[in-house]
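All remarks here apply to the structure that follows.
Here, residue 1 is the first one in the sequence, and each next residue gets the next number.
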Amino acid sequence: MNLVIDIGNTRTKFSVLNRGEVMITVPVDEFKPEHIDVLKHEHPDLNKVILCSTKNYSEALKVALQNNFEQFIELDANTLLPIENCYETKETLGKDRIAAAVGAVDLYPDSNVLIIDAGTAITYDFVNDKKQYLGGNISPGIAMRFNALHQFTGKLPLVEPKTYNNLYGTSTENAIRAGVQNGVIFEVDRTIDAFKEFYNNLKVIITGGNAEFFDNKLKNSFFVHFNLLALGLNRILDYNGEIQ
């Protein structure tokens with residue numbers, strides 16, 4: 001059994017997997033060393049762990065993970081991967097992005113795959129059918145766009161996202177809502193179209209905290225997978241165990 005810890009920009013999640021299947025996923029404000037004792041008590045066969053962090057975390061947590069597990073991996077640019085990473089600046093590539101790419105290949109090993117992670121930012125990552133990660137795009141997320149209109153103008157209000165199906169707004173609040181939300185939908189749909197022009201047999205996976213926003217809004221077909229990052233991290237952990 002494996003433990004996967006994902007410390008993201010705005011939230012932290014940990015997952016327990018058994019033979020590649022996600023058993024539990026739990027969001028927490030912070031993963032602390034005391035969580036380890038509880039998990040080991042509930043899952044005695046838990047003996048491997050991988051940590052993916054986009055920000056600094058305590059040295060005490062790192063020591064606890066090293067001392068309590070047979071295998072501990074902290075994902076970084078030097079971690080061995082089951083796919084080829086063709087990114088030019090590997091050290092600047094978000095760890096969550098490459099892990100999601102590994103998860104996508106695990107799900108669709110013989111396909112071209114576009115991964116769209118809708119979170120704080122909207123990231124687009126592409127893996128071809130040769131299991132090569134080629135790169136991607138980074139765009140502002142939904143909340144970031146609303147905040148930017150409020151912060152960088154003198155009078156525009158801060159608007160909360162909510163269902164709004166009109167093409168345009170008839171009030172300032174709904175004009176912002178239509179502009180941001182329709183703009184995101186148009187961006188994502190056009191990006192998918194562009195990749196389809198160049199790559200056949202394209203699978204599209206949407207993940208991240210705002211994945212549900214796109215339900216019934218895109219003309220293109222896609223798969224939603226909320227545990228894609230956990231699957232990718234788990235595959236990296238297993239892969240490193242296999243080659244040792």
Original post:
Would the Phe126 and Tyr199 ring centres measure less than 6.0 Å apart?
Top reply: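 For Phe126 and Tyr199, the ring centres are under 6.0 Å apart.
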
Original post:
Does the ring centre of Phe222 sit less than 6.0 Å away from the ring centre of Phe214?
Top reply: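 That pair fails the under 6.0 Å test.
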
Crowding at [atom1], [X] (>12 non-hydrogen neighbours, <6.0 Å):
X	atom1	value
Lys219	NZ	yes
Glu34	CD	yes
Lys162	NZ	no
Asn67	CG	yes
Lys90	NZ	yes

Does [X] belong to the same Ile/Leu/Val/Met/Phe/Trp/Tyr cluster as [Y], with side-chain heavy atoms less than 4.5 Å apart forming each link?
X	Y	value
Tyr133	Leu231	yes
Val127	Tyr108	yes
Leu202	Val188	yes
Leu229	Phe213	no
Val4	Phe31	no

Are side-chain heavy atoms of [X] and [Y] found at a separation under 4.5 Å?
X	Y	value
Glu160	Phe146	no
Leu3	Phe14	yes
Pro161	Val180	no
Leu233	Lys95	no
Ile206	Leu218	yes

Provide the closest heavy-atom pair for [X] versus [Y] in the form atom of the first, atom of the second, distance.
X	Y	result
Asn234	Gly20	ND2-CA, 3.7 Å
Ile116	Tyr124	CG1-CD2, 3.7 Å
Phe72	Glu74	CZ-CB, 4.0 Å
Ala211	Phe226	CB-CE2, 3.7 Å
Met144	Thr120	CE-O, 3.3 Å
Val184	Ile142	CG2-CG1, 4.0 Å

Checking side chain to side chain contact (heavy atoms under 4.5 Å, CB included) against [X], which of [options] comes through?
X	options	answer
Leu228	Asp96, Ile115, Val102	Ile115
His43	Asn2, Asn18, Ile24	Ile24
Val28	Arg11, Lys13, His35	His35

**OP:** Step by step, work out the side-chain contact (heavy atoms from CB on, under 4.5 Å) result for Val159 and Leu149.
**Re:** CA-CA 9 Å; Val159 176; Leu149 286 174; over 6 Å; no

Original post:
Asn220 and Asp193: side-chain hydrogen bond (donor to acceptor under 3.5 Å, both in side chains), yes or no, with the steps?
Top reply: CA-CA 8 Å; Asn220 284 287; Asp193 286 340; 3.1 Å; yes

Please round to the nearest 0.5 Å and tell me the distance separating atom [atom1] of [X] and atom [atom2] of [Y].
X	Y	atom1	atom2	answer
Lys131	Glu84	NZ	CD	12.0 Å
Arg19	Met1	CZ	CE	10.5 Å
Ser111	Asn201	OG	CG	4.0 Å
Arg177	Asn165	CZ	CG	11.5 Å
Ile36	His41	CD1	NE2	15.5 Å
Ile176	His150	CD1	NE2	9.5 Å

Is the backbone of [Y] close enough, under 3.5 Å, to the side chain of [X] for a donor and an acceptor to pair up by distance?
X	Y	value
Asn112	Asp129	yes
Thr207	His225	yes
Thr54	Ile7	yes
Asp76	Thr79	yes
Asn182	Leu167	yes
Glu212	Val224	no
Asn240	Ile236	yes
Lys40	Asn68	yes
Asn174	Thr170	no
Thr89	Glu91	no

**OP:** Could you tell me whether Arg190 and Glu197 make a salt bridge, using a distance below 4.0 angstrom between a side-chain N and a carboxylate O?
**Re:**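 Salt bridge present between Arg190 and Glu197.
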
Original post:
Between Asp189 and Lys217, does at least one N-O distance fall below 4.0 Å, as a salt bridge requires?
Top reply: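 No, Asp189 and Lys217 are not salt-bridged.
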
Original post:
Could you walk me through whether Asp117 and Asp125 pass the side-chain contact (heavy atoms from CB on, under 4.5 Å) check?
Top reply: CA-CA 8 Å; Asp117 190 336; Asp125 293 287; 5.7 Å; no

Subject >> Audit row: Thr172, Leu156, side-chain contact (heavy atoms from CB on, under 4.5 Å) steps and yes/no >> reply: CA-CA 8 Å; Thr172 298; Leu156 291 180; 3.9 Å; yes

Original post:
Going through the distances and angles, do Asn128 and Gln132 end up as a side-chain hydrogen bond (donor to acceptor under 3.5 Å, both in side chains)?
Top reply: CA-CA 6 Å; Asn128 66 17; Gln132 297 171 313; 2.8 Å; yes

Subject >> Worked verdict on Arg145 versus Ser139 for side-chain hydrogen bond (donor to acceptor under 3.5 Å, both in side chains) >> reply: CA-CA 10 Å; Arg145 298 178 195 218; Ser139 179; 2.7 Å; yes

Original post:
Can you list the steps and then say if Val49 with Leu51 is a side-chain contact (heavy atoms from CB on, under 4.5 Å)?
Top reply: CA-CA 7 Å; Val49 59; Leu51 172 69; 5.6 Å; no

